[in-house]
Protein chains: 2
Amino acid sequence: MVSRRTDQQTAIRAFIQEVDRPVRVDEIMQGAGESVPGIGSATVYRAVKAGLQAGWLVEVHLPGDRRTAYEMAGKDHHHHFECNNCGKVYDVEGCPGHLSKLIPSGFVMEDHELVLYGRCNVCV
Amino acid sequence: MVSRRTDQQTAIRAFIQEVDRPVRVDEIMQGAGESVPGIGSATVYRAVKAGLQAGWLVEVHLPGDRRTAYEMAGKDHHHHFECNNCGKVYDVEGCPGHLSKLIPSGFVMEDHELVLYGRCNVCV
DNA sequence: GTCGTTGCAAAGCGTTTGCAGCCTA
DNA sequence: TAGGCTGCAAACGCTTTGCAACGAC
């Protein structure tokens, strides 16, 4: 199975790369749809799944939102900030660290996920 | 609209209180179903929604799981630990703190959510 | 021309809602 | 008895999948 280059795939990847923050499927459809009108949701879902497997995309799960978001992989370790007003999600660099001291003895920590909430610089 | 006490409501609340960790609707149905066989999912969904509004329940969102979990409200500030092996979720006391220093200037932090992953003491 | 890709529509999955009958107060 | 509560099934929103037409190579 050799993959082929199509306008849809190109537009989807270009859009996600360009916005540089986690985006959901509906946003991708809208964004990539400006380059390729009429793009179908199944195509976007298939593209992000392929991106995840290929390793250039990662999932971002936002508590309270049933819809999965996606962003480019390969960034430095970071977390996310969701604006309580406009709903946009931003990357935040840095990490509190030393989290393994929080867990009970006998448990082993392998990873963590942190989401901050508040108001972004536009909505303050 | 005066609420009435029913076996289902009692069983649902008793189960959630008893397990003392976040549980999903399917788990509640199974657990409460031992006291009240044949309990319907709609009843559980309506009960947890009522619990949220009444304030004795809080939602717990687990990244990567589309299903919302619930636990008793009123606990001290805490976070959650999900076992990568058995999938169970445990409360972890404590908090890294000083998170507002992570966000860009111009942003205002109002809240945060942290989930740790790894192996619980049973699955190590 | 081959066969991976696309868009549509149908199917899945968790959750919500309409409704007739049940049961608490 | 009144009207809130329950279970069933249909409806919903997001995501996945089947399928015939399309188009990259």
Side-chain angles (χ1 to χ4, degrees), chain A residues 1-16 22-71 82 87-89, chain B residues 1-16 22-54 56-71 82 87-89 115:
Chain A
M1 192 277 242
V2 180
S3 66
R4 297 170 180 174
R5 176 173 306 281
T6 66
D7 293 345
Q8 289 87 341
Q9 307 274 347
T10 304
I12 290 168
R13 181 160 180 168
F15 174 72
I16 298 173
V23 283
R24 301 182 309 259
V25 168
D26 55 89
E27 296 178 272
I28 299 172
M29 272 214 283
Q30 186 180 330
E34 293 184 9
S35 312
V36 187
I39 191 170
S41 61
T43 298
V44 177
Y45 279 108
R46 281 186 279 238
V48 298
K49 184 186 266 185
L52 293 173
Q53 290 185 327
W56 59 267
L57 251 195
V58 292
E59 292 188 328
V60 177
H61 299 284
L62 300 163
D65 192 341
R66 198 128 61 280
R67 298 166 293 183
T68 303
Y70 304 88
E71 70 177 348
E82 181 174 13
K88 272 203 177 125
V89 180
Chain B
M1 190 289 236
V2 179
S3 66
R4 296 172 181 176
R5 177 172 305 280
T6 66
D7 292 346
Q8 289 86 342
Q9 307 272 348
T10 303
I12 290 169
R13 181 161 181 168
F15 174 72
I16 298 174
V23 284
R24 300 181 310 258
V25 168
D26 55 89
E27 296 178 273
I28 299 172
M29 272 213 284
Q30 186 181 329
E34 294 184 8
S35 312
V36 187
I39 192 168
S41 61
T43 298
V44 177
Y45 279 109
R46 281 187 277 237
V48 298
K49 183 186 266 184
L52 294 172
Q53 291 186 325
W56 58 268
L57 252 196
V58 291
E59 292 188 327
V60 176
H61 299 284
L62 300 163
D65 192 340
R66 195 127 75 270
R67 298 166 294 181
T68 303
Y70 304 87
E71 71 177 349
E82 181 174 13
K88 271 204 179 127
V89 180
V115 181

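Numbers restart at 1 for each chain; the letters A, B, ... are given by sequence-line order, proteins then strands.
If you check residues 55-69 of chain A against DNA chain D, the residues with a heavy atom closer than 4.0 Å are A:Arg67, A:Thr68, listed by number. For the segment residues 4-16 of chain B, residues with any heavy atom less than 4.0 angstrom from an atom of DNA chain C are, sorted by number, B:Arg4, B:Arg5.
Distance CD (A:Gln53) to P (D:dT16): 11 Å, rounded to an integer number of Å. Rounding to whole angstrom units, CG of residue A:Asp26 and P of D:dC12 are separated by 20 Å. Put simply, CE on B:Met29 is 13 Å from C1' on D:dC8, counting in whole angstrom units. Between the CD atom of B:Glu27 and the P atom of C:dG14 there is a distance of 13 Å, given to the nearest Å. With rounding to whole Å, A:Arg46 atom CZ is found 11 Å from C:dC8 atom P. Across the protein-nucleic acid pair, A:Lys49 atom NZ and C:dT5 atom C1' stand 15 Å apart, rounded to whole Å. The distance between atom OH of B:Tyr45 and atom P of D:dA10, rounded to the nearest whole Å, is 18 Å.
Side-chain N or O atoms of B:Gln53 include none that pairs as donor or acceptor with a backbone N or O of B:Ala50 at under 3.5 Å. A:Glu34 places no side-chain N or O within 3.5 Å of a backbone atom of A:Gly31 that could act as its donor or acceptor partner.
Inter-residue side-chain proximity for A:Thr43 and A:Val36 is flagged as unmet; no heavy-atom pair is nearer than 4.5 Å. Contact check for B:Glu71 versus B:Val89: no side-chain heavy atoms found under the 4.5 Å cut-off.
Atom-to-atom distance recorded for A:Gln30:CD and A:Arg24:CZ is 10.0 Å, nearest 0.5 angstrom. A distance of 5.0 Å separates OG1 in B:Thr10 from CZ in B:Arg5, rounded to the nearest 0.5 Å. A:His61 contributes atom NE2, which lies 11.0 Å from atom CG of B:Leu62 (distance to the nearest 0.5 angstrom).
At a threshold of 4.0 angstrom between heavy atoms, the contacts of A:Ser3 are confined to the sugar-phosphate backbone, with no base atom among them.
Around atom CD of B:Glu59, more than 12 heavy atoms belonging to other residues, nucleotides or ligands sit under 6.0 Å away.
Between A:Thr6 and A:Gln9, the shortest heavy-atom contact is OG1-CG, 2.9 Å.
Looking at which nucleotide of DNA chain C each of A:Thr43 and A:Val2 is closest to, the 5′-most match is held by A:Val2.
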